[in-house]
Protein chains: 2
Amino acid sequence: MPTSIRERKRRRAREAIIKAAFDLFATHGFSAVTVTEIAERAEVGRTTFFRYFGDKREVVFADEQHMLDELLALEGVDPLPGMTLAQALSRARPAVRAVCAVGTRDAGRYVLYERLVADNPELHDRAERKLLALTDAMARVLRAQGAADATAVLAAHIALACFRTGRLLAGPDPAALADAADAAFAEVEALAGAGAFSR
Amino acid sequence: MPTSIRERKRRRAREAIIKAAFDLFATHGFSAVTVTEIAERAEVGRTTFFRYFGDKREVVFADEQHMLDELLALEGVDPLPGMTLAQALSRARPAVRAVCAVGTRDAGRYVLYERLVADNPELHDRAERKLLALTDAMARVLRAQGAADATAVLAAHIALACFRTGRLLAGPDPAALADAADAAFAEVEALAGAGAFSR
DNA sequence: ATACCTTATGGTACTCAGTACCAGTAACTT
DNA sequence: AAGTTACTGGTACTGAGTACCATAAGGTAT
């Protein structure tokens, strides 16, 4: 059986903690909420909170794994050994959309997430590491699809640049963000001239 | 007068804290050292420590400002309005070397810094934000030198990619790192073919 | 069902990071 | 010399994060 009773309980507890935390953060802000309050609202012990999340900040980034999964699912899909940088970029482009799509699954929470990160400097560092993790995953996928190391890393970082500029231009709305990032990709291609990356 | 007594005292206190902290970190590791111990060794009050550094991790990244200064000094140097991506990259390349050069000013401490970050997960996030800050500064410099927004951001992120792959290949030694990053730049140019970025 | 093992829970008690507040002192100002 | 400003370090507090342990509940045998 795939989901044992324990498994289901674990999932429920985890979700309860996440929901309790985001509810409290939404009304009182991140720093004003204590772990004890989150635990009480989620009806678990304080100790249990730290079993599910290494620290208080980590709850905010609970969705990171979903985004990584979305990317890593592309490993091995449609392999193209020795692909060019242009080809790698044209694969990275929809992959970025796929990551953004995770945000649209619960747009309300995602907007809140963006607000929390923007308002609390103590979350900035962790948010940056999340982008590193996604960039690394992107590079790994491209490598698995047949890109050379340098090509994969380079394309992943160009995708990161597009994502960052996209988020800068668009608001926190995930759908708008996806479009803006995509536009940035288009601009990159136009920037170097058609086919410039394909040499 | 450029350096008042207060100014000099401040500098000395700051340096004393940094030195005390790194000495203790070197022998006992980051997490085993308490702020109180650092303050005692630096002969300042515990309260004073937090006046100079927002938190314990921040001491580890005390040199970040030097690297940023190194970059920002290039703002406005040799302006070239409307520069191409290839031109932006050829400017980013020596700029990365300049940043690495800061590490060679005190190679011993830099190696220790790298070791501390590598060994302590609690420092990973902050280290990532440092790279963001440097990348942003790089983009700002290129923009100030006349690059379009997209060109500047893109070139800065490509430089980031070169830096990351360089550090991955070279050890923690700053000189070797500079060379490896430079080699990555060369590889990027070769990757897209000569002149591919200049369209 | 019974007994047994394993895993998850939540409570207690502790350390230490980080903050608020305040009184004392040293540096600049006139 | 007197007054103002900037810096210090001490006290006292909150809250994050950890170690430990007794208890309960899920899983697994017989």
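The sequence lines fix the lettering, A, B, ..., with proteins before strands; numbering per chain opens at 1. Heavy-atom basis, side chains included; hydrogens, waters and symmetry copies ignored. No experiment lies behind these values; they were computed from the predicted model shown.
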> Would you say A:Lys9 reaches D:dA25's phosphate, i.e. side-chain N/O to OP1/OP2 under 4.0 Å?
Replying inline: no
> When the distance from CZ of A:Phe53 to C1' of D:dG15 is rounded to whole Å, what number comes out?
Replying inline: 19 Å
> Hey, is the side chain of A:Arg46 pairing donor to acceptor with the base of D:dG15 inside 3.5 Å?
Replying inline: no
>> Rounded to whole Å, please give me the gap between CD in A:Glu122 and C1' in C:dG18.
In response: 11 Å
>> Just the rounded figure in Å: distance from C1' of C:dC16 to CG of B:Asp55.
In response: 13 Å
>> Judged by each residue's nearest nucleotide on DNA chain C, which is more toward the 5′ side, B:Gly54 or B:Arg51?
In response: B:Gly54
> Between A:Gln87 and A:Leu80, does a side chain to side chain contact (heavy atoms under 4.5 Å, CB included) hold up when you go through it step by step?
Replying inline: CA-CA 9 Å; A:Gln87 288 165 331; A:Leu80 179 59; 3.8 Å; yes
> Hey, does A:Val96 have a side-chain heavy atom less than 4.5 Å from the side chain of A:Met138?
Replying inline: yes
>> Can you see whether A:Phe30 has A:Lys56 sitting over its ring - NZ or CZ less than 6.0 Å from the centre and within 45° of the normal?
In response: yes
> Are A:Tyr113 and A:Phe22 close enough that their ring centres sit under 6.0 Å apart?
Replying inline: no
> Without hydrogens or angle criteria, can the side chains of B:His66 and B:Arg105 be said to hold a donor-acceptor pair below 3.5 Å?
Replying inline: no
> When the distance from CZ of B:Phe49 to P of D:dC7 is rounded to whole Å, what number comes out?
Replying inline: 18 Å
> To the nearest Å, how far apart are A:Arg12 CZ and C:dT9 C1'?
Replying inline: 15 Å
> Less than 3.5 Å between a donor and an acceptor, one on the side chain of A:Arg10 and one on the base of D:dG26, is that the case here?
Replying inline: no
> Just to confirm, is there a sub-4.0 Å distance from OP1 or OP2 of C:dG10 to any side-chain nitrogen or oxygen of A:Thr48?
Replying inline: yes
>> Check this for me: does the side-chain of A:Thr34 come within 3.5 Å of the base of D:dG15 through a donor and an acceptor?
In response: no
> Should B:Tyr52 be listed as having a side-chain N or O under 4.0 Å from OP1 or OP2 of D:dC7?
Replying inline: no
> How long is the line joining CD of A:Glu37 and C1' of D:dA16, in whole Å?
Replying inline: 13 Å
> Does the C:dA27 base have a donor-acceptor partner in the side chain of B:Arg6 within less than 3.5 Å?
Replying inline: yes
> In whole Å, what is the span from the CZ atom of A:Arg11 to the P atom of C:dT7?
Replying inline: 18 Å
> Does the side chain of A:Lys56 get closer than 4.0 angstrom to OP1 or OP2 of D:dG15 through an N or O atom?
Replying inline: no
> Rounding to a whole Å, what distance do you find between A:Glu58:CD and D:dG17:P?
Replying inline: 10 Å
> Using a cut-off of less than 4.0 Å, is there contact between a side-chain N or O of B:Arg8 and OP1 or OP2 of C:dA26?
Replying inline: no
>> Side chain of A:Phe50, heavy atoms from C-beta onward: which of D:dG17, C:dG10, C:dG18 has the nearest atom to it?
In response: D:dG17
